Amino acid sequence: MFQHLEPYAGDPILGLNEAFQKDPRPGKVNLSIGIYFDDAGRIPVLECVRRAEAQMLAESGPKPYLPMEGLAAARSAVQELLFGADHEAVKSGRIATLQTIGSSGGLKVGADFIARWFPGAEVWVSDPTWDNHRAMFEGAGLKVHSYPYYDPASGGVRFDAMLQTISGLPAGSVVLLHACCHNPTGVDLSREQWQALIPVLRKQRLLPYLDLAYQGYGDGIDADAFAPRALADAGIAFFIANSFSKSMSVYGERCGALSVVCTDAAEAALVLGQLQATVRRNYSSPPIHAAGIIARVLGDRELRALWEADVAAMRERILSMRRSLHAILAAKLPGRELGYFLSQRGMFSYTGLSAAQVDRLREEFGVYLIRSGRICIAGLNSGNVERAAEAIAAVMR
């Protein structure tokens, strides 16, 4: 019955992580997977999450199915986090929000919604983007194209080329944009570039789809929400999927959300209804434990303060590792332009390494990163940064 199936090659990032786990070398360094590790190389358990879960356990009771759209308290907390409690879009009720199975679940539900209600729409993603973006939208039956983004010569954004391409897209096209901490490059649009892009999106009647997986890892929790707030201020309808995997260190709990900013509350009600129908056809309802974590951490003043302090500490540790990596590489490779390591933001950096250099790093030095040359800065710590930097310098010479 199943002999006609093609073998699955596996996910390149998860497969690389499995290979790392099997590597017996004691000095190996994993810079491949997008997970935040502390300076001891462990996934931290945040105190705010620990306390929230203790409260949930103390109040333990029946565990009914949540509504298709998720827990109301979690959904409202997400809206206030993304847009601010006093934002007009929140107060007027023109945002439809789902609690989803991570931001990946939000992206999938949004892709299915677009395929159903915007037949013929095509999706445009940055070159490069997170590999799963293309797979998710193509899996929903949508055609996916790319717009210019990363400039390997400068280590910045090809903004003029990006703007020119987006200016020529047909009305109704979906444009996927990284709200902050671009994955995989770490290169973000500036506020000025966002302000130049937004009128083009509105004039061309395009449908932006924001991915916000790393809120707080760029410039701060509120600062990293600049893009969705600016789009909402401009009166543009758009999607935004967001995740708490990194910012709350709750990867396996699958805490995420999908929000759709609409013209008015009546339109938001229509959208929410069809999003509920999409969820029902997909996974029926989201997890109750994830809902409790989100609602309690964001809704309790003391837990929220603890969370914000932890996010700031994680952001600062990543910045410290960026500086250390840059300093060691600059000393080992005098005269080489390496400033992009400092200007890129968030967990990731594009190193400029070729696939062959990445293979050599893994095989000779036990330093693992994906073949695009993307490095997860959060995998560095005070005990391995020098070893990793020396290995990178060796293959860059």
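Side chains are part of it too, since the values below use all heavy atoms of this structure and drop only hydrogens, waters and symmetry mates. Note that the coordinates shown come from a computational prediction; the quantities given were computed from them, not determined experimentally.
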Peer 1: Does the structure place the NZ or CZ of R374 under 6.0 Å from the centre of the six-membered ring of F348, at an angle of no more than 45° from the ring's axis?
Peer 2: yes
Peer 1: For atom CD of E386, decide whether the heavy atoms of other residues, nucleotides or ligands shown that lie under 6.0 angstrom number more than 12.
Peer 2: no
Peer 1: To the closest 0.5 Å, what do you measure between OG1 (T185) and NE2 (H178)?
Peer 2: 7.5 Å
Peer 1: For the residue pair Y150 and Y350, is the inter-centroid distance of their aromatic rings smaller than 6.0 Å?
Peer 2: yes
Peer 1: Could you tell me whether E364 atom CD has more than 12 heavy atoms of other residues or ligands within 6.0 Å of it?
Peer 2: yes
Peer 1: Quick check: do I288 and P64 have side-chain heavy atoms less than 4.5 Å from each other?
Peer 2: yes
Peer 1: So do the side chains of M248 and E253 get within less than 4.5 Å of each other, counting heavy atoms only?
Peer 2: no
Peer 1: Is E18 salt-bridged to K22, cutoff N-O under 4.0 Å?
Peer 2: no
Peer 1: Could you measure the distance from the OG atom of S76 to the CD1 atom of I95? Nearest 0.5 Å is fine.
Peer 2: 11.5 Å
Peer 1: Can you pull the salt bridge (charged side-chain N to carboxylate O under 4.0 Å, His left out) pairs that have at least one residue in residues 187-216, sequence neighbours excluded?
Peer 2: D188-R345
Peer 1: E80: what forms a salt bridge (charged side-chain N to carboxylate O under 4.0 Å, His left out) with it, not counting sequence neighbours?
Peer 2: none
Peer 1: Can you establish whether the number of heavy atoms outside R281 located under 6.0 Å from its atom CZ is more than 12?
Peer 2: yes
Peer 1: I want to check something: taking the side chain as every heavy atom from C-beta on, are L306 and L46 in contact at a cut-off of under 4.5 Å?
Peer 2: no
Peer 1: Does some side-chain heavy atom of V123 sit less than 4.5 Å from a side-chain heavy atom of Y209?
Peer 2: no
Peer 1: Around atom CZ of R397, are there more than 12 heavy atoms from other residues, nucleotides or ligands closer than 6.0 Å?
Peer 2: yes
Peer 1: Side chains of T278 and D112: is there a donor and an acceptor less than 3.5 Å apart?
Peer 2: no
Peer 1: Which atom pairs, one a donor and one an acceptor, fall under 3.5 Å between side chains of residues 52-63 and the rest of the protein, sequence neighbours left out?
Peer 2:
{"from": "E53", "atom 1": "OE2", "to": "H289", "atom 2": "NE2", "distance (Å)": "2.8"}
{"from": "Q55", "atom 1": "OE1", "to": "R296", "atom 2": "NH1", "distance (Å)": "3.0"}
{"from": "E59", "atom 1": "OE1", "to": "R296", "atom 2": "NH2", "distance (Å)": "2.5"}

Peer 1: Ignoring hydrogens and angles, tell me if any N or O in the side chain of D224 forms a donor-acceptor pair with the backbone of G216 under 3.5 Å.
Peer 2: yes
Peer 1: To the nearest 0.5 angstrom, please state how far the CZ atom of F244 sits from the CG atom of L298.
Peer 2: 5.0 Å
Peer 1: Tell me which donor-acceptor pairs under 3.5 Å the side chains of residues 169-176 have, and how far apart each pair is, sequence neighbours excluded?
Peer 2:
{"from": "S173", "atom 1": "OG", "to": "P170", "atom 2": "O", "distance (Å)": "2.7"}

Peer 1: List, one per line, each side-chain donor-acceptor pair under 3.5 Å for residues 254-273, sequence neighbours excluded.
Peer 2:
{"from": "R254", "atom 1": "NH1", "to": "Y251", "atom 2": "O", "distance (Å)": "3.3"}
{"from": "S259", "atom 1": "OG", "to": "T97", "atom 2": "OG1", "distance (Å)": "2.9"}
{"from": "T263", "atom 1": "OG1", "to": "E267", "atom 2": "OE1", "distance (Å)": "3.2"}
{"from": "D264", "atom 1": "OD1", "to": "A266", "atom 2": "N", "distance (Å)": "3.3"}
{"from": "D264", "atom 1": "OD1", "to": "E267", "atom 2": "N", "distance (Å)": "2.8"}
{"from": "E267", "atom 1": "OE1", "to": "T263", "atom 2": "N", "distance (Å)": "2.9"}

Peer 1: Apply salt bridge (charged side-chain N to carboxylate O under 4.0 Å, His left out) to K28 and list each qualifying residue two or more places apart in sequence or on a separate chain.
Peer 2: none
Peer 1: Relative to the ring of H133, is the ring of W130 parallel (under 30°), tilted (30 to 60°) or perpendicular (over 60°)?
Peer 2: perpendicular
Peer 1: Any chance you could measure R280, atom CZ, to E69, atom CD, to the nearest 0.5 Å?
Peer 2: 12.5 Å
Peer 1: Once you measure the plane-to-plane angle for F20 and Y368, does it fall in the parallel (<30°), tilted (30-60°) or perpendicular (>60°) bin?
Peer 2: perpendicular
Peer 1: Does atom CZ (R25) have a neighbourhood of more than 12 heavy atoms from anything else shown, all under 6.0 Å?
Peer 2: yes
